[in-house]
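As structure tokens, the structure follows; a few thoughts come after it.
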2 protein chains.
Amino acid sequence: MKRPLREEPESSGARTTVTERAMQRIKDMISDGLLVPGQRLPTEREFAADLGLSRSSMREAIRALTVLGVLEARHGAGVYVTSLEPRDLLDTFGVVAEISRGDTLLHLVQVRKILEPAATATAAARIDDEILTLLRAEMTAMEQGGSAEEIVGHDLEFHRLIVEAAGNPVLSAILDGLSSRTFRARVWRGYRVEGVFERTFQEHDRIYRALAERDPESARTAAAIHVTAVEDWLRTQAEIDEV
Amino acid sequence: MKRPLREEPESSGARTTVTERAMQRIKDMISDGLLVPGQRLPTEREFAADLGLSRSSMREAIRALTVLGVLEARHGAGVYVTSLEPRDLLDTFGVVAEISRGDTLLHLVQVRKILEPAATATAAARIDDEILTLLRAEMTAMEQGGSAEEIVGHDLEFHRLIVEAAGNPVLSAILDGLSSRTFRARVWRGYRVEGVFERTFQEHDRIYRALAERDPESARTAAAIHVTAVEDWLRTQAEIDEV
DNA sequence: TGGCAGAATTGGTAGGACCACCGGCGAACC
DNA sequence: GGTTCGCCGGTGGTCCTACCAATTCTGCCA
């Protein structure tokens with residue numbers, strides 16, 4: 001029973017590491033408004049002393065919150081709170097797609113199959129001519145070809161612009177993460193399957209026309225057809241290589 | 001180990017820290033199948049020596065991948081690769097909701113408004129009697145009341161069960177993250193608005209009946225109505241307190 | 001007045017020391 | 001003979017110190 005330095009029973013979750021507690025304290029400071037976007041934190045040495053832990057542990061906490069997109073460390077300048085906007089916080093989403101495989105990849109596309117038609121429909125009601133011009137340019141660039149990487153880049157940008165037009169940053173961030181892996185796969189494998197490229201372009205054209213006509217339901221359908229095609233493509237790829 | 005330092009100009013992104021490079025190496029090992037779920041990594045000291053960096057930096061990399069749900073460190077036992085399934089990788093999603101506020105909270109619910117009806121519709125086509133029984137139990141428990149925390153817990157579980165029945169782990173993980181914040185807010189604020197509790201129960205009942213009848217479209221509609229109600233509730237809360 | 005070199009500041013890396021916890025082996029006990 | 005318990009090596013967790021590298025500030029000099 002001789003507990004040397006028993007933690008206070010106040011927070012029952014005493015069974016945790018100091019680094020985790022530090023992360024929680026920092027997150028709480030943000031939730032409570034003590035730390036606001038763009039604000040600079042105390043230096044690592046100072047902050048560690050304030051919270052009563054070593055610089056090493058504090059660094060681990062800061063590193064963890066950095067990869068989560070909450071903090072940003074600038075060498076020689078200090079540690080800052082990010083904008084805390086979805087695009088900062090959700091880029092870890094891409095990590096999931098990066099190391100997923102097998103059925104999980106199909107599940108990722110299936111979620112995209114839900115989100116992308118809805119996003120495209122919303123975009124149809126809000127899109128302006130400027131974005132439409134950009135979309136047209138991406139389509140042209142993609143049609144004219146180039147390296148596989150360039151083509152996929154234009155493909156990616158085409159969809160990104162549309163989703164962005166829907167006006168929901170959370171939605172944009174999620175779909176970015178969901179799509180990245182699929183597109184990366186295309187870079188590596190190319191559009192090997194017969195006629196995939198032509199079909200993709202036709203589908204893009206159909207989406208574009210629906211958007212230009214500000215027709216949400218047509219846009220939804222066109223997007224659904226497109227993502228379903230991507231899903232089918234992914235299935236064939238899964239059969240080709242056992243990974 | 002021919003090159004102790006001096007990054008190759010090949011990878012233009014040489015402007016990076018050793019910790020980040022270590023994270024990338026580990027992720028690559030997983031992508032390449034050198035590390036599989038459940039496998040144990042070398043000890044921190046050993047692994048650091050292998051990759052040519054200090055234990056401090058290696059620990060930061062491991063800590064970062066731990067919060068991302070990729071690795072799991074067991075004190076005294078070693079570091080292991082997680083199952084790498086969506087529920088492990090996407091619980092960082094909750095962090096986003098945890099520190100978001102203002103418009104971002106609305107954007108979160110709006111994404112949920114897209115996903116949840118789709119998930120509920122899918123569930124209607126796949127759900128079995130066992131799950132329906134569980135849902136019934138949650139509804140009863142919620143109706144009988146208790147602390148705010150308990151009620152919200154049953155509310156949360158009700159939705160979780162439905163989404164799980166849709167059979168897409170990625171979808172489940174995303175919706176878990178999206179919902180957690182809203183429900184936590186409910187715990188704190190209670191169901192203060194007049195009649196919210198009764199209306200919630202009626203909506204749940206409607207969802208339940210649609211599922212029991214295996215009617216996807218009714219289920220979709222019922223879920224949409226429900227989430228929209230949540231969205232409205234959130235708007236009123238946003239007006240009450242300026243946070 | 002303006003620009004530039006050096007100093008001070010601050011994050012990044014390294015390495016060592018010690019503590020807390022896990023797991024297995026073997027002695028001790030029933 | 002079987003079970004229990006304690007010891008001990010291994011491993012992650014924490015702290016510390018020193019030094020490197022990027023940034024920012026300061027103040028001198030032209």
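A note on names: the letters A, B, ... follow the listed sequences, proteins ahead of strands, and every chain is numbered from 1.
What you find for B/Gly167 and B/Arg126 is that their closest heavy atoms are CA-NH2, 3.8 Å. When every heavy atom of A/Ala97 is checked against every heavy atom of A/Leu105, the shortest pair comes out as O-CD2, 4.3 Å.
Per the geometry, CD belonging to B/Glu44 stands 15 Å off C1' belonging to C/dA14, to the nearest Å. Rounded to an integer number of Å, the gap from B/Met23 CE to C/dG12 C1' is 15 Å. Atom OH of A/Tyr80 is separated from atom C1' of D/dT23 by 9 Å (rounded to the nearest Å). If you take CD of A/Glu46 and P of C/dT10, they are 7 Å apart, rounded to a whole angstrom. One interatomic measurement links the two molecules: CZ of A/Arg45 to P of C/dA8, which rounds to 15 Å at whole-angstrom precision. In this structure, the CD atom of A/Glu20 is 9 Å from the P atom of D/dG13, given to the nearest Å. Between B/Leu53 atom CG and D/dC20 atom P there is a gap of 18 Å when expressed in whole angstrom units.
None of B/Leu171, B/Asp176, B/Leu178 except one satisfies the side-chain contact (heavy atoms from CB on, under 4.5 Å) rule with B/Ile174; the exception is B/Leu178.
In this structure, the separation between CD on A/Glu138 and CG on A/Leu156 is 9.5 Å, given to the nearest 0.5 Å.
Non-hydrogen atoms lying under 4.0 Å from DNA chain D are contributed by A/Ser56, A/Ser57, A/His75, all within residues 56-75 of chain A.
Picking from D/dG13, C/dG11, C/dG12 the nucleotide with the shortest atom distance to the side chain of B/Arg55 gives D/dG13. The listed nucleotides are D/dT24, C/dC22, C/dA17; the one nearest the side chain of A/Ala77 is D/dT24.
Applying the side-chain hydrogen bond (donor to acceptor under 3.5 Å, both in side chains) test to B/Thr82 and every residue at least two apart in sequence or in another chain returns nothing.
For the pair B/Glu20/A/Arg63, a side-chain contact is recorded, criterion being any heavy-atom separation below 4.5 Å from C-beta on.
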Evaluation steps, side-chain hydrogen bond (donor to acceptor under 3.5 Å, both in side chains), between A/His159 and A/Asp155: CA-CA 7 Å; A/His159 288 98; A/Asp155 193 349; 3.3 Å; yes
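In terms of phosphate contacts, A/Thr19 brings a side-chain nitrogen or oxygen within less than 4.0 Å of OP1 or OP2 of D/dT14. Within the structure, every side-chain polar atom (N or O) of B/Ser54 is placed at least 4.0 Å from both OP1 and OP2 of C/dT13.
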